[in-house]
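Read the structure below first, then the notes.
Per chain, numbering begins at 1; letters A, B, ... match sequence-line order.
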Amino acid sequence: MSKRNVVVGISWPYSNSNLHIGYIASSLSGDILARYHRMKGDDVVMVSGTDSHGTKMEIRAKAEGCSPKDIADRYDQNFREALKAFSFSFDKYSITYDKFHKEKCKEFFIKLFENGYIVPRTEKRTFCTTCNKFVADTEIKIVCPVCGKETKADNCDCGYVPVEKDLEGATCLICGHKTELRENSILVFRLSAFKKQLKKLLDDNKDIWRANSVNETKKYLDKLIDRDFSRDLAWGVEVPIAGYEDKKVWVWYEALLGYITDTMELGEEQGFDWQRFWKTNVEPDREKIVYMCHAKDNIMFHSIMLPAMLMGLKDNFYTNIHMVSAEYLTMNDVKISKSQGNGFEALEMSKRFDTDSLRFHFALNGPEKKDANFTLDTYAVTHNSDVVNKFANLINRTLKFKGLETLPEGIVDENVYNRVKDIYNIVGDCIEKTEIKKATSEILDLIMETNRFFDDQKPWAQFKEDDKTSFNNTIFTCAFVLANLTNLLEPIMPKTTEKLRNFLQIDSKPTWELICVKPNISLDKVEPLFSRI
RNA sequence: CGCGGGGUAGAGCAGCCCGGAAGCUCGUUGGGCUCAUAACCCAAAGGUCGUGUGGUUCAAAUCCCACCCCCGCAACCA
């Protein structure tokens, strides 16, 4: 198969709290896709970064008496450590206050303005006369006209979403004084202009998108409205249009373009043309894939906003985004003890448990099509039963067979051989359809089948009966499966497969194709890979 | 009547698009094995598939309708 140009974009975590294990669960599919495509020989860029701007950052900085950047840096460090601990194989992980990113975002903004897709408009906005500035809905409180309770103005717990007239006479949360509605100059992105193109995009892709993406996108397409791309903030990417110098761009505008700016910067660093991955007219004969991995609350931004922005640039951008939208990882047990701080921060989890085994758990039990509840008990079951008892035990009973010092030479069982040969396509198809859960389950099936094969052959009896040939064939066949598991499991459990490759003295890089195992290698390095919890 | 995802043995899930004898893992019970981290293998028990004495059909977990519950969205939180 010919090489493909693959972008894996993972949603940008927001820098106002430590990275949560749920982020790992919903983003893992991205790392699996990237690793798989690299093994297939495709050119891959896997990108993301820390989303560091926005209203919340300013509010927090004020509350904590530091700069928004201080807060961003604090969490950015946490994100990087956690993502590294979980073996996320980013080609580029940046941060949105980075100069390169800001400059490119401004260039794109000007382009959209020149193309007539960003236009000036005047609208009434909440103005605090005491603070002397326009304030965001989340910075003011109102009395909800539906339930009668006091609430922040962006939305009420009762479900009501306030409209403009409800904001009349709202109270500023910063200074406590009344606000008023004032005319404000804003810059609007004409999202509604892309309705037809976005509908076609959905039509073209609805068979491979997950159901939640398709339906959620449909909902917005029916009534697309233009969006305010400017914000009255001090912290962010400056609006590069004359007359709007005191404003910043909407965080989503620039965070979404981060996928592009990351690729551009990576291209400069590594000396390749970033357009290979994003432009239809560059390497047009190569298939392109752009995966966007995120949780369900992010759907419309990736399926509508980003493609619309790329279309608006009118520069041959590839917009056939492959939506990989996860549901939510919930933690019922955790909500109870949240006030005491819970142990479900990603970095903390990485220190308490084996990260490969957690990756395996999320690949098998993650929120792929519906919310998944995470508890330590259910994780312990996956770890002890699937990872240790089934997989690690297969390694040990094969490679640490009593008295075995070197791997005997034998003939691989024909049925096992064919099964292993076929499973590459089966698992590969699942991964390319972003059915990670099914892919993982297929691999687990192979492991269980191999344990069954082992039992059926009874190598302990073959060994005693001095049926050396049969014994050698049995062990060699199982070792052959293990060797191929170092490939098949590489996208899911990269640290473990590296250790197993080491045991089997496999020197070549992992590839998505059948490999053989070397006979007569020493087995004295083999040791247990996991401990039970 | 706002929109979307979900509700399947004690637990966690698959099956639903495209209707055709309810599957998988864990747990439980019984048996086997002794290579392996008390791991592995075989077998059994366990479900009116959220509710409906609702519709379509020869046939419904699957299609249609009504209702209930959990989660998300609802465009200035990101």
I'd like to know if the side chain of [X] pairs up with that of [Y] as donor and acceptor (distance under 3.5 Å, no hydrogens or angles considered).
X: A/Ser11; Y: A/Asn298; result: no
X: A/Ser52; Y: A/Ser15; result: no
X: A/His294; Y: A/Ser325; result: yes

Base, sugar-phosphate, or nothing for [X], non-hydrogen atoms under 4.0 angstrom?
X: A/Asn451; result: sugar-phosphate
X: A/Val388; result: base
X: A/Leu529; result: base
X: A/Trp252; result: base
X: A/Arg532; result: base
X: A/Ala295; result: nothing
X: A/Pro459; result: nothing
X: A/Lys458; result: nothing
X: A/Asn393; result: base

- [ ] Indicate yes or no: does A/Lys102 engage A/Glu238 in a salt bridge with an N to O separation below 4.0 Å.
- [x]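 Salt bridge between A/Lys102 and A/Glu238, a charged N being under 4.0 Å from a carboxylate O: yes.
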Rounded distance in Å between the [atom1] positions of [N] and [M]:
N: B/G19; M: B/C24; atom1: C1'; value: 22 Å
N: B/U34; M: B/U28; atom1: C1'; value: 24 Å
N: B/C42; M: B/C3; atom1: P; value: 49 Å
N: B/C65; M: B/C1; atom1: C1'; value: 15 Å
N: B/C73; M: B/G30; atom1: P; value: 49 Å
N: B/A45; M: B/G23; atom1: P; value: 12 Å
N: B/A43; M: B/U53; atom1: P; value: 37 Å
N: B/G27; M: B/C71; atom1: C1'; value: 27 Å

TODO: With RNA chain B as reference, determine whether A/Asp445 or A/Ser531 sits nearer its 5' end, using the nearest nucleotide of each.
DONE: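 Counting from the 5' end, the first nearest nucleotide belongs to A/Asp445.
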Task: Contact nearer the 5' end of RNA chain B, comparing A/Phe401 with A/Lys390 - done: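 Looking at the nearest nucleotide for each, A/Lys390 comes out on the 5' side.
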- [ ] Give a yes or no on whether the backbone of A/Lys437 and the side-chain of A/Glu368 come within a donor-acceptor separation of less than 3.5 Å.
- [x]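 Present.
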Under 4.0 Å: is that the gap between some side-chain N or O of [X] and OP1 or OP2 of [N]?
X: A/Lys437; N: B/A14; answer: yes
X: A/Lys400; N: B/U37; answer: no
X: A/Lys369; N: B/G15; answer: yes
X: A/Thr382; N: B/G12; answer: no
X: A/Lys56; N: B/A78; answer: no
X: A/Arg452; N: B/C42; answer: yes

Open item on the list: So that I can compare with my own list, what are the stems of RNA chain B, taken as at least three consecutive Watson-Crick or G-U pairs with distances under 3.5 Å?
Closed with: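 Stem list for RNA chain B: B:2-7 with B:68-73, B:10-13 with B:23-26, B:28-32 with B:40-44, B:50-52 with B:65-67.
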Starting at atom [atom1] of [X], determine the distance to atom [atom2] of [N], rounded to an integer number of angstrom.
X: A/Phe463; N: B/C33; atom1: CZ; atom2: P; value: 20 Å
X: A/Asp455; N: B/A43; atom1: CG; atom2: P; value: 12 Å
X: A/Phe194; N: B/A75; atom1: CZ; atom2: P; value: 21 Å

TODO: Could you walk me through whether A/Leu523 and A/Phe401 pass the side chain to side chain contact (heavy atoms under 4.5 Å, CB included) test, one step at a time?
DONE: CA-CA 10 Å; A/Leu523 297 173; A/Phe401 195 96; over 6 Å; no
Task: Identified ring-ring contact (aromatic ring centres under 6.0 Å, His included) counterpart of A/Phe471 within the set A/Phe476, A/Phe454, A/Phe463 - done: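 For A/Phe471, the ring-ring contact (aromatic ring centres under 6.0 Å, His included) test succeeds with only one of A/Phe476, A/Phe454, A/Phe463, which is A/Phe463.
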- [ ] Anything under 30° is parallel, anything over 60° is perpendicular, the rest tilted; go ahead and classify A/Tyr117 against A/Phe194.
- [x]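 Tilted: the ring planes of A/Tyr117 and A/Phe194 meet at 30° to 60°.
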Task: Value rounded to 0.5 Å, distance of CZ in A/Phe134 from CG in A/Asn184 - done: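 Rounded to the nearest 0.5 Å, the CZ-CG separation comes to 3.5 Å.
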